[in-house]
There are 2 protein chains.
Amino acid sequence: MDDFDRKLLGIVQKDALVPQNELGEAVHLSTTAVNRRLKKMSQEKIIDKIAAVVNPESLGYNLTIIVEVEAQSEQINLLDAMKKSFLKCPQVQQCYYVTGECDFVLIMLVRNMDEYTNLTRALFFENNNVKKFKTLVAMNRVKVTLDVPVD
Amino acid sequence: MDDFDRKLLGIVQKDALVPQNELGEAVHLSTTAVNRRLKKMSQEKIIDKIAAVVNPESLGYNLTIIVEVEAQSEQINLLDAMKKSFLKCPQVQQCYYVTGECDFVLIMLVRNMDEYTNLTRALFFENNNVKKFKTLVAMNRVKVTLDVPVD
DNA sequence: TCTGAAAATGGACCTTT
DNA sequence: AAAGGTCCATTTTCAGA
């Protein structure tokens, strides 16, 4: 992982379709060297995946909701069960297990409030280990990326 | 936007390097039809971009921090200035403008607590419109995607 | 939908440090 | 050994009929 790799990552995080010869020109390496480095970083899972980023609105997902979930008990198997239910819910885009007053922070995508209300039943009310949860509605997705700084 | 498109999106959100002939087999369309649909969805910004997802740990970004920021005044130009400072900070991966007690929720990536402490100065303490902020440290990134449900 | 050209990827092989 | 470069085969994309 050197300066070449970091520069390449900076570019492909923004656009993974830049051809390898152009990447080579940008960082001053041959096409083949670029190819080898990208392949290595993929194998080593430095690059997790190349993925399409879909605009939620175009599929009707107009609401982003952030939920802070507080657990009743911190018992490992109970927390694991909660994690699992969040993991398998496609509307839960992100889930972080955090320190502090609440235990989980979720980023959710839903079509409308009805859909969210229904999901709260399955995810929170029907789970006895959920003590309480707080709902924050996003009015504006100011910045939404998974970019990692490369400096 | 029909069922074919949704199925395609479901696949390319997970892996955008699946060749178009395989996509065709998966959804029962010809390679050319797949090509046309993907191109159209890119032009219409249903697909925002194809991007590499980088593993933060491999670049030393071992800490994910969630910050709830409360603004002093809701005056538009003051809020805009705050947004701008979050937008241009590479360690701020995501920023949502929300309803409720706090005004912004940030997802940040930092190498260590020192880096975060330094950033709080530039982002929060030196901004007079930041009334207070609450820091939640992520112990575990249970699920981190930008996936949009396709059902 | 099929065919074929253009482009991009990725392996073989050689050279340099 | 480790990494770069050139050349070439294969794969993939994408436009025309």
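Keep in mind it's a predicted model, so treat the numbers as computed, not measured. Proteins come first, then strands; the chains are lettered A, B, ... in the order of their sequence lines, and each starts at number 1. Side-chain atoms are counted along with the backbone in the values below, which use heavy atoms only and exclude waters and symmetry mates.
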What integer distance in Å separates A:D2:CG from D:dA2:P?
15 Å
Between A:T145 (side chain only) and B:Q93 (backbone N and O only), is there a donor and an acceptor less than 3.5 Å apart?
yes
Would you say A:K49's side chain and B:D15's backbone share a donor-acceptor pair under 3.5 angstrom?
no
Electrostatic pair A:K132:A:E68 at N-O distance under 4.0 angstrom
no
Rounded to whole angstrom units, what separation is found between the CD atom of B:E25 and the C1' atom of C:dT1?
16 Å
Using a 6.0 Å distance limit plus a 45 degree cone around the ring axis, check whether A:K83 lies over the aromatic ring of A:Y97.
yes
Could you tell me if the ring centre of A:F125 sits under 6.0 Å from that of A:F133?
yes
Pick out the pairs of N or O atoms, protein on one side and nucleotides 15-17 of chain C on the other, that lie under 3.5 Å.
none

Check: B:Q13 side chain, B:V148 main-chain N or O, donor-acceptor pair, under 3.5 Å
yes
Atom NE2 of B:H28 and atom P of C:dT1: how far apart are they, to the nearest Å?
13 Å
Before we go on, tell me: are the rings of B:Y96 and B:F104 under 6.0 Å apart, centre to centre?
no
What's the CZ-C1' distance between A:R37 and D:dA3, to the nearest Å?
8 Å
Provide a list of protein-nucleic acid N or O atom pairs under 3.5 angstrom, restricted to nucleotides 11-16 of chain D.
| residue | atom | partner | partner atom | Å |
| --- | --- | --- | --- | --- |
| D:dT13 | OP2 | B:Q20 | N | 2.8 |
| D:dC14 | OP2 | B:N35 | ND2 | 3.1 |
| D:dA15 | OP1 | B:K39 | NZ | 3.2 |
| D:dA15 | OP2 | B:K39 | NZ | 2.7 |

Whole angstroms only, please: what is the CG-P distance between A:L8 and D:dA3?
14 Å
Listing, residues 71-81 of chain A side-chain donor-acceptor contacts under 3.5 Å, not counting sequence neighbours, or none:
| residue | atom | partner | partner atom | Å |
| --- | --- | --- | --- | --- |
| A:S73 | OG | A:Q75 | N | 2.9 |
| A:Q75 | NE2 | A:N77 | OD1 | 3.4 |

